[in-house]
Amino acid sequence: MKKNIKDQYRFARDIYGKIGVDTDSAISKLKDKSISLHCWQGDDVAGFERKKGGLSGGIQVTGNYPGRARNISELKQDMEKALCLIPGKHRVSLHAIYGDFGEKPVERNEIKIDHFQTWIDWAKQRNLGIDFNSTLFSHPLSENGFTLSSKNNEIRQFWVEHIVCCRKTAEEIGKKLNRPVIHNLWIPDGMKDVCIDRIGYRRLLLNSLDEIFKKNYNKNFLRDALEPKLFGIGTETYVVGSFEFYLGYALKNNLMLCLDLGHFHPTESVADKISSLLLFMKEIYLHISRGVRWDSDHIPIFDDTLRELFLEITRCDALDRVHIGLDYFDATLNRVGAWVIGARAVQKAILYALLEPKKKLLEYEKKKDYLSRLYLYENLKTMPFNGVWDYYCLISGVPLDSDWLLEIHKYERTVQSKRI
Ligand code: RNT
Ligand code: ZN
């Protein structure tokens with residue numbers, strides 16, 4: 001088997017070599033690219049607060065597949081299992097509601113580093129990075145549809161305080177791990193129907209952000225991203241944190257934008273935004289998700305959208321300026337398997353992009369030889385990509401595509417099915 005894979009790799013290396021692509025170097029770049037595994041796929045975005053309400057804020061998980069992680073140790077165990085089946089070294093993305101809060105309720109504006117110490121210890125042991133997200137949904141003070149843009153000053157202030165302590169916590173995590181933590185901010189604010197005072201709410205959001213970001217942190221430990229959205233459930237007509245709003249704010253304040261693949265019009269190309277943003281913004285954060293007709297948060301697969309996105313990133317030679325995070329929640333199937341499919345799909349898309357013969361394609365383009373350009377672009381799809389991917393899995397010590405499902409079945413039988 002091993003020999004077979006090596007033979008297949010040699011074969012693939014020769015074929016790619018003929019069009020000017022170095023497969024060894026593609027593999028080594030892929031190896032260096034970490035993905036942030038989102039903890040919330042493991043428990044349907046529930047979190048570990050003592051006072052738990054339902055999921056709210058225009059996001060929704062459907063399905064009730066058995067085996068959901070019910071506490072921090074089960075969630076860690078599940079993420080460890082997933083990470084064994086994903087090649088490379090990665091990060092985990094935590095939401096503020098996933099702290100280790102102990103027995104007494106901790107309000108969102110009281111969150112501190114202590115609540116994340118067990119996560120930090122775990123990350124250190126496993127050489128994982130951490131990303132952090134403030135949580136402005138699933139809370140009584142977000143129920144009326146507004147948080148940072150609320151016209152109620154107390155509510156607005158509460159959420160400002162929440163983010164202030166989340167950023168502080170994130171920076172301290174960064175210091176403890178000695179690597180940057182990306183803090184991402186998404187808010188659910190908006191209206192279902194005709195909104196007259198659009199500018200009023202946006203002005204309030206602007207004021208809140210100014211209060212939050214007046215505190216500067218060392219970028220070696222904390223980097224901030226803002227996540228825009230086109231619409232959500234209950235915010236069909238108006239979302240305060242729109243693309244234009246955050247684009248302006250991020251550029252003015254030297255922050256990142258977080259592009260969630262489900263947050264745009266279905267016919268809009270997120271791939272096409274990359275080259276424009278990179279001319280004005282140092283870094284970009286991604287929330288990889290798969291929208292099916294709307295922001296449905298399906299598991300990413302190795303599809304055109306994902307390929308085009310990473311092709312653009314590698315064409316801009318910007319793999320190091322674009323940070324990858326996963327963001328989806330599917331409870332209709334094994335949740336650990338969901339992480340594995342999504343993460344591996346992203347890695348395939350990165351590899352596919354790294355194997356593009358950019359020089360050749362550019363030559364054709366320059367000569368206006370558009371038939372040759374399209375011919376090569378099309379033929380790439382049936383090149384022996386799998387020979388390179390399988391080899392990468394082999395040298396990374398993880399199962400091939402043909403084998404990892406068995407591991408999930410075994411884990412489900414021996415671990416997850418016992419959680420009743
Ligand atoms: C919601 C945003 C946001 C959330 C997570 C849980 O539409 O995509 O990123 O999915 O923070
Ligand atoms: Zn997102």
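The first residue of the sequence shown is numbered 1, and numbering continues consecutively from there. Atoms within each ligand, like the ligands themselves, are counted from 1 in listed order.
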Could you walk me through whether Y328 and H287 pass the ring pair (Phe, Tyr, Trp, His ring centres under 6.0 Å) check? CA-CA 9 Å; Y328 50 88; H287 261 186; over 10 Å; no
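- A heavy-atom cutoff of 4.0 Å around ligand 1 is satisfied by the protein residues W40, I59, H95, F137, W186, E227, K229, D260, H263, H287, D295, D327, F329.
- To the nearest 0.5 angstrom, W186 atom CH2 is 9.5 Å from D260 atom CG.
- Taking the side chain to side chain contact (heavy atoms under 4.5 Å, CB included) definition, one finds that D303 meets it with R290, I301, T305, L306, sequence neighbours left out.
- For E49 and R108, the salt-bridge test passes: some basic side-chain N is under 4.0 Å from an acidic carboxylate O.
- For the Zn ion (ligand 2), the nearest N, O or S atom contributed by D327 is named OD2.
- When all heavy atoms of F48 and F101 are compared, the closest pair comes out as O-CD1, 3.6 Å.
- E227 contributes atom OE2 as its closest N/O/S atom to the Zn ion (ligand 2).
- Here R156 pairs with E211 in a salt bridge; the nearest charged N to carboxylate O distance falls below 4.0 Å.
- Considering all non-hydrogen atoms of both residues, A250 and M281 come closest at CB-CE, 3.9 Å.
- Around the Zn ion (ligand 2), the two atoms ND1 of H287 and OD2 of D260 are separated by an angle of 110°, to 10 degrees.
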